[in-house]
Number of protein chains: 2
Amino acid sequence: MAEDRRPYRRESQESRREALITAALELMAEGGAQAATVRAIADRAGITPGLIRHYFQTKDDLTRAAYAALMERMAEQSLRATLTAPDDPAARLAAFVAASLRPPVMTGDRVRLWAGFLHLVQRDPMMRAVHEATYLGYRNRLQALIQTLPGKGDPVQARALAIACNAVIDGLWLEGGTLPEGFAPQELEQIGLQAIAAILGTALPPTQTTDEAP
Amino acid sequence: MAEDRRPYRRESQESRREALITAALELMAEGGAQAATVRAIADRAGITPGLIRHYFQTKDDLTRAAYAALMERMAEQSLRATLTAPDDPAARLAAFVAASLRPPVMTGDRVRLWAGFLHLVQRDPMMRAVHEATYLGYRNRLQALIQTLPGKGDPVQARALAIACNAVIDGLWLEGGTLPEGFAPQELEQIGLQAIAAILGTALPPTQTTDEAP
DNA sequence: CGGGTGATTATACAAGCGTATAACAAGGGA
DNA sequence: TCCCTTGTTATACGCTTGTATAATCACCCG
């Protein structure tokens with residue numbers, strides 16, 4: 001009748017923090033901020049609730065860390081596309097755009113996760129700074145790609161064009177994420193490339209598919 | 001020492017429901033879904049918490065009603081712009097776009113409010129239906145305006161153009177709402193009109209300001 | 001000018017939340 | 001091998017949440 005104490009292993013601070021952040025993001029993606037309770041997060045991370053406060057001073061701290069990790073992942077995934085693309089300015093831009101309009105970036109979970117943080121972002125200065133930095137980083141990357149195109153070197157014009165292209169991407173990302181069954185496969189990707197080509201007045205080459213040869 | 005009972009007036013079901021919905025939306029815009037508790041909503045609406053359940057069977061019911069009211073207001077405000085515009089296809093389209101990129105449509109509160117509902121929208125079938133209907137209604141309105149432009153009568157092409165233009169509007173709306181100090185006044189409005197003109201390959205006339213003569 | 005009715009208030013309850021703290025034990029250093 | 005540090009569990013506390021129900025009184029009707 002004696003209730004056994006739960007067995008456990010000691011783990012590194014790094015792996016515990018990562019597990020907690022991943023668990024928090026998963027739960028928030030599935031059920032919103034109110035689903036990511038301390039107990040639910042601990043349960044998914046495989047620990048007991050009390051241990052959370054051994055790695056994060058407060059729950060807000062964990063939330064902040066989770067948001068920073070999410071934004072870092074998103075920025076990294078969009079950026080990676082330009083690295084593997086051909087060494088042609090237009091091709092790299094097209095790859096950048098297309099990567100943002102495909103999974104794993106364009107996903108319902110991602111959109112809802114991002115949206116769920118919005119209120120906290122406004123309130124918390126640290127999260128607000130992360131938000132601004134990520135947005136501007138993405139847009140500046142876009143602007144840099146635009147400025148490499150022939151005849152698009154003017155920074156002032158390129159800024160406006162980058163804002164417009166960024167809006168196209170964000171808008172399609174939003175719609176594809178919230179209404180996935182409303183569009184044919186790769187339809188939004190094609191529409192996005194055409195729209196951006198029209199805005200820039202430049203032809204964009206077709207992008208390679210994501211198929212990875214075995 | 002006897003504690004007096006709080007005085008009250010009887011009011012119509014209509015006005016009570018409206019007051020509760022408005023209070024819920026205000027609180028949600030200010031502090032997210034978690035700020036819109038039953039007690040806070042009742043307090044702002046000037047009643048005691050128990051009365052809420054006299055007008056809404058459950059809190060989810062109130063939330064559903066609030067979402068429907070929000071979407072109705074947003075659709076109405078964007079639509080109204082086209083009614084007062086000149087009877088020229090391009091001018092009406094421009095007015096429609098510009099109205100979506102100005103207050104009271106483009107506001108941080110609006111964006112956060114909309115984002116805060118996203119999780120509930122996916123889960124609740126009724127809210128999901130409202131979401132889809134509002135989005136498609138907006139986009140179809142855009143498509144109808146595009147099809148009135150010279151040489152844009154083809155529905156298939158107009159659909160793709162409407163999706164692209166809608167994305168521009170949504171994206172700029174998002175960015176203007178979440179990062180208002182990052183742009184000059186009316187900058188997003190101008191960028192949006194230029195981008196949409198480029199996508200459509202049609203010149204758009206300048207829009208009238210919102211100044212209302214006394 | 002008195003009911004009667006139902007809108008409204010007041011109070012209570014169980015469940016869940018974030019947080020605090022004491023007891024335990026896993027695993028490395030001597 | 002044994003101890004000692006500290007990662008980890010277990011338990012508890014106070015507060016807030018949504019909901020339920022009984023008591024009250026504002027206002028319409030005759």
Side-chain angles (χ1 to χ4, degrees), chain A residues 1-21 23-25 27-28 30-67 116 119-120 123-124 127, chain B residues 1-21 23-25 27-28 30-67 116 119-120 123-124 127:
Chain A
M1 222 46 182
E3 307 190 11
D4 299 88
R5 198 165 235 254
R6 167 184 180 148
Y8 62 91
R9 291 198 320 127
R10 295 193 170 198
E11 300 222 354
S12 73
Q13 168 163 338
E14 197 178 1
S15 74
R16 283 283 191 234
R17 289 177 67 98
E18 189 183 306
L20 285 169
I21 286 172
L25 289 177
L27 285 165
M28 219 168 149
E30 293 169 11
Q34 51 181 313
T37 69
V38 167
R39 286 165 177 82
I41 293 170
D43 197 51
R44 181 160 303 200
I47 61 173
T48 50
L51 190 55
I52 287 189
R53 298 191 24 87
H54 199 266
Y55 292 104
F56 296 94
Q57 202 155 24
T58 179
K59 196 206 170 186
D60 287 353
D61 270 20
L62 168 55
T63 306
R64 272 186 278 269
Y67 180 69
H119 272 289
L120 306 173
R123 223 158 246 75
D124 188 284
M127 292 176 78
Chain B
M1 223 46 182
E3 308 191 12
D4 299 87
R5 198 165 234 254
R6 166 184 180 145
Y8 63 91
R9 292 198 317 128
R10 294 192 169 197
E11 300 222 353
S12 73
Q13 168 162 340
E14 197 178 0
S15 74
R16 283 282 191 236
R17 288 177 69 97
E18 189 183 305
L20 285 169
I21 287 173
L25 289 177
L27 286 164
M28 219 168 149
E30 293 169 10
Q34 50 181 314
T37 69
V38 169
R39 285 164 178 81
I41 293 170
D43 198 49
R44 181 160 303 200
I47 60 173
T48 50
L51 190 55
I52 288 189
R53 301 194 18 90
H54 199 267
Y55 292 104
F56 296 94
Q57 202 155 23
T58 180
K59 196 208 170 184
D60 287 352
D61 270 20
L62 169 54
T63 306
R64 272 187 279 268
Y67 181 69
H119 272 288
L120 306 172
R123 223 157 246 78
D124 187 283
M127 292 177 78

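Values in this document were obtained by computation on a predicted structure and should not be read as measured data. In the text below, chain A, chain B and the rest are named by the order of the sequence lines, each starting its count at 1. Below, all heavy atoms of this structure are taken into account, side chains as well, without hydrogens, waters or symmetry copies.
Residues B/Gln13 and B/Tyr55 approach most closely at CA-CE2, 3.7 Å, considering heavy atoms. The minimum heavy-atom distance linking A/Arg44 with A/Leu27 is given by the pair NH2-CD2, 3.6 Å. Minimum interatomic distance between A/Thr48 and A/Ala42 (heavy atoms only, all atoms of both residues): C-CB, 3.7 Å. Of all the heavy atoms in A/Ile41 and A/Ala23, the pair that sits closest is O-CB, 3.7 Å. A/Lys59 and A/Ala36 get closest at one heavy-atom pair: NZ-O, 2.9 Å.
Nucleic acid contact for A/Tyr55: sugar-phosphate only, since backbone atoms but no base atoms lie under 4.0 Å from a heavy atom of the residue. Residue B/Thr48 is classed as a base contact, given a heavy-atom separation below 4.0 Å to a base.
The CD-P distance, from A/Gln34 to D/dT17, rounds to 13 Å in whole Å. Rounded to an integer number of Å, the gap from A/Ile52 CD1 to C/dT21 C1' is 17 Å. In this structure, CZ of A/Phe56 is placed 13 Å from P of D/dT8, rounded to the nearest angstrom. Computed from coordinates, the B/Ile47 CD1 to C/dA7 C1' distance equals 11 Å when rounded to whole Å. To the nearest angstrom, C1' of D/dG7 lies 7 Å from CG of A/Leu51. Atoms OH (A/Tyr8) and P (D/dT9) sit 7 Å apart, rounded to a whole Å. Nucleotide D/dG7 holds its C1' atom 5 Å from the NE2 atom of A/His54, rounded to whole Å. At whole-Å resolution of the value, CG in B/Leu27 and C1' in D/dT17 are 15 Å apart.
The number of heavy atoms from other shown groups lying within 6.0 Å of CD (B/Glu11) is above 12.
Closest approach to the A/Arg5 side chain among D/dT9, C/dT9, D/dG18 is made by D/dT9 (side chain taken as heavy atoms from C-beta onward).
Note on A/Thr58: a side-chain N or O is less than 4.0 Å away from OP1 or OP2 of C/dT19.
A donor-acceptor contact under 3.5 Å is not formed by the side chain of B/Arg6 with the base of C/dT9. Under 3.5 Å, the side chain of A/Arg39 and the base of C/dG16 form no donor-acceptor pair of N or O atoms.
Each of B/Ala35 and B/Arg53 was assigned the nucleotide of DNA chain D with the nearest heavy atom; the assignment lying further toward the 5' end belongs to B/Ala35.
Near DNA chain C, meaning a heavy atom under 4.0 Å away, the residues from residues 10-19 of chain A are A/Arg10.
Under the rule for a side-chain hydrogen bond (donor to acceptor under 3.5 Å, both in side chains), the partners of B/Arg64 that lie at least two apart in sequence or sit in another chain are B/Asp61, B/Asp124.
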